[in-house]
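The block underneath contains the structure these notes are about, expressed in structure tokens.
Within every chain, numbering begins at 1; the chains are lettered A, B, ... in the order of the sequence lines, protein sequences first and strands thereafter.
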Amino acid sequence: MPEKNEIKILFFGTPEISETALSALLRNGYPVRAVVTNPDKQVGREQKITFSAVKETALKNQIETLQPEKLKDPETIKQIKNLKADLIVVSAYGKMIPKEILDSAPLGALNIHPSLLPKYRGPSPIQYPILGGDQETGVTIMLIDEQMDHGPILAQKTFKIASGETGETLSAKLAEEGANLLIETIPLWLDKKISPRPQDESEATYTDLLTKEYGKINWDDDAGKIERKIRAFHPWPGTYTHYKIKDGVKSLKIIKATTASSDEIPEARPCGSVFLTADRRMTVKTSKGYLILEELQLEGKKPMRAAEFLRGRPEIVGKILT
RNA sequence: CGCGGGGUAGAGCAACGGUAGCUCGCAAGGCUCAUAACCUUGAGGUAGUGGGUUCGACUCCCGCCCCCGCAA
């Protein structure tokens with residue numbers, strides 16, 4: 001096996017979760033020859049140009065950084081091939097990588113995917129298991145081929161989804177576990193101690209790229225489903241409903257909620273109605289069960305606990321959220 | 001200069017060109033078998049900040065700081 005400090009790695013990645021993997025490689029003494037990350041974007045209220053998490057780390061470590069708009073561009077491909085990388089590692093880069101580039105690394109192209117492939121291929125593998133109420137999820141290290149998250153599996157690790165798990169907490173865990181598994185897997189792969197195992201296509205499922213739209217609450221769903229959505233989509237893309245006040249209809253984010261099946265509730269109310277339980281908790285009727293709101297944020301305001309919200313806007317009781 | 005909301009008692013909010021109220025909390029007392037029940041009383045705000053208009057501004061105008069929603 002080649003010494004690990006001789007392997008030139010080309011790393012593809014963009015957000016926070018990829019940064020964890022990049023840092024792990026660096027920490028473990030792998031020479032990262034260059035990093036490919038998405039172009040800087042205008043972000044935030046001021047529309048400031050912001051670097052990706054991966055670019056920040058690359059800059060700190062004085063690693064060459066490429067930010068091509070299109071990977072298929074012949075110039076770009078040439079540029080990347082000229083780096084003469086031995087091994088490609090990809091983590092949430094955000095674009096499909098052309099075969100020509102993948103094939104240019106003699107030791108192969110590895111991908112970290114934060115789900116138990118072949119389940120949850122695609123851009124939102126972290127949120128979907130929570131959304132679906134799965135008991136467990138995991139991370140997979142696989143070889144990349146031309147189809148999205150389709151290549152043979154090198155290693156996989158499973159773990160339980162804790163109750164109360166959110167997209168945020170699960171993402172942190174998967175980032176960590178994924179990076180660890182990568183570090184464990186690379187030497188075995190280079191030593192040819194792993195034989196890639198093809199994915200079972202009949203088991204494959206796919207995830208969509210999440211947008212704000214997905215975060216809108218439908219109060220005609222059942223409370224359990226809504227509660228899972230709130231956890232899965234925290235903090236991105238967030239979960240919201242609408243509340244009508246005198247200045248117009250405002251969006252109301254639901255940050256945290258729990259379900260309840262209490263039966264002391266007037267059945268005649270429509271779904272989305274807000275009422276107080278006997279112990280004065282803010283509750284919303286759904287098609288099946290009730291949702292107790294714990295933390296919420298009105299448009300333009302800071303996040304606050306339901307009790308605080310109620311102090312300032314007691315009139316919400318009896319209203320209908322849409 | 002992407003669009004927009006907001007900074008008023010410990011917390012959440014309101015009103016008004018003439019020196020601020022509500023709910024909760026807090027303190028003291030009362031009532032009760034009892035309650036995140038009820039009744040009394042009380043403490044607590046130089047209104048983000050600097051300037052301007054005005055007889056007079058928390059309320060109108062301008063600058064600055066800070067917080068937040070949308071968008072990306």
Side-chain angles (χ1 to χ4, degrees), chain A residues 13-19 37-56 65 67-70 92-95 122-124 126-127 166-168 171 207-219 226 229-258 260 262-266 272 274-284 290-322:
Chain A
T14 299
E16 206 99 355
I17 190 169
S18 347
E19 194 281 331
T37 191
N38 266 334
D40 302 333
K41 284 189 307 184
Q42 292 191 320
V43 165
R45 220 129 32 205
E46 310 301 326
Q47 295 290 285
K48 280 183 187 138
I49 298 290
T50 308
F51 298 165
S52 73
V54 162
K55 181 173 175 180
E56 293 284 1
T65 304
Q67 299 182 273
E69 198 64 58
K70 290 182 71 176
Y93 170 55
K95 289 183 168 73
S124 308
I126 298 174
Q127 290 84 356
T166 66
E168 188 174 37
S171 182
T207 64
D208 294 332
L209 184 62
L210 297 175
T211 64
K212 280 275 180 188
E213 251 326 282
Y214 283 71
K216 184 163 166 42
I217 292 175
N218 176 6
W219 295 107
I226 296 171
K229 186 173 189 169
I230 292 167
R231 282 191 288 120
F233 289 4
H234 177 78
W236 172 259
T239 314
Y240 65 95
T241 184
H242 295 289
Y243 171 44
K244 196 170 164 187
I245 57 178
K246 64 169 189 273
D247 337 2
V249 178
K250 301 269 186 178
S251 74
L252 181 66
K253 285 190 179 178
I254 310 297
I255 297 166
K256 193 171 178 219
T258 53
S262 94
D263 20 57
E264 53 187 299
I265 309 308
V274 179
F275 55 88
L276 290 182
T277 58
D279 54 357
R280 312 183 57 75
R281 291 194 292 175
M282 189 172 171
T283 307
V284 185
Y290 304 92
L291 202 68
I292 296 172
L293 307 187
E294 298 191 337
E295 248 179 278
L296 48 170
Q297 180 178 24
L298 189 63
E299 185 179 329
K301 292 299 205 172
K302 295 181 186 181
M304 64 184 83
R305 307 192 48 85
E308 294 169 329
F309 187 91
L310 246 19
R311 269 178 228 150
R313 300 178 184 279
E315 78 284 351
I316 195 173
V317 175
K319 296 283 171 53
I320 298 170
L321 301 175
T322 53

Can you give each donor-acceptor pair under 3.5 Å made by side-chain atoms of residues 293-316 of chain A, sequence neighbours left out, with the distance rounded to 0.1 Å?
| residue | atom | partner | partner atom | Å |
| --- | --- | --- | --- | --- |
| A:Q297 | NE2 | A:K301 | O | 2.6 |
| A:E299 | OE1 | A:S251 | N | 2.9 |
| A:E308 | OE1 | A:R305 | N | 3.1 |
| A:E315 | OE2 | A:Y243 | OH | 3.1 |

With [X] via side-chain hydrogen bond (donor to acceptor under 3.5 Å, both in side chains) - residues at least two apart:
X: A:E19; answer: A:S23, A:T57
X: A:N218; answer: none
X: A:S52; answer: A:T37
X: A:T241; answer: A:W219

Nucleotide nearest A:Q47 when distance is taken to its side chain, options B:C70, B:A71, B:A72:
B:A71
Check every atom of B:G69, B:G5, B:A11 against the side chain of A:E308 and return the nucleotide holding the closest atom.
B:A11
Which atom pairs link the protein and nucleotides 7-9 of chain B when you take only N or O atoms and keep those under 3.5 Å?
none

Would you mind pulling out the nucleotide paired to B:C70, Watson-Crick or G-U wobble, both distances under 3.5 Å?
B:G2
Who does B:A27 pair with, Watson-Crick or G-U, both distances under 3.5 Å?
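Here B:A27 is engaged in a pair, and the nucleotide opposite it is B:U41.
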Below 4.0 angstrom from OP1 or OP2 of B:G69, is there any side-chain N or O of A:R45?
yes
Ignoring backbone atoms, establish whether A:Q297 has a side-chain N or O less than 4.0 Å from OP1 or OP2 of B:G69.
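Yes, within the criterion.
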Please write out each protein N/O paired with an N/O of nucleotides 23-27 of chain B under 3.5 Å, distance rounded to 0.1 Å.
none

Partners passing side chain to side chain contact (heavy atoms under 4.5 Å, CB included) against A:E168 (at least two apart in sequence or in another chain):
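So A:E168 forms a side chain to side chain contact (heavy atoms under 4.5 Å, CB included) with A:T166, A:H234, A:P235.
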Contacts of A:F51 that satisfy ring pair (Phe, Tyr, Trp, His ring centres under 6.0 Å) - sequence neighbours left out:
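With neighbours one apart ignored, the set is empty.
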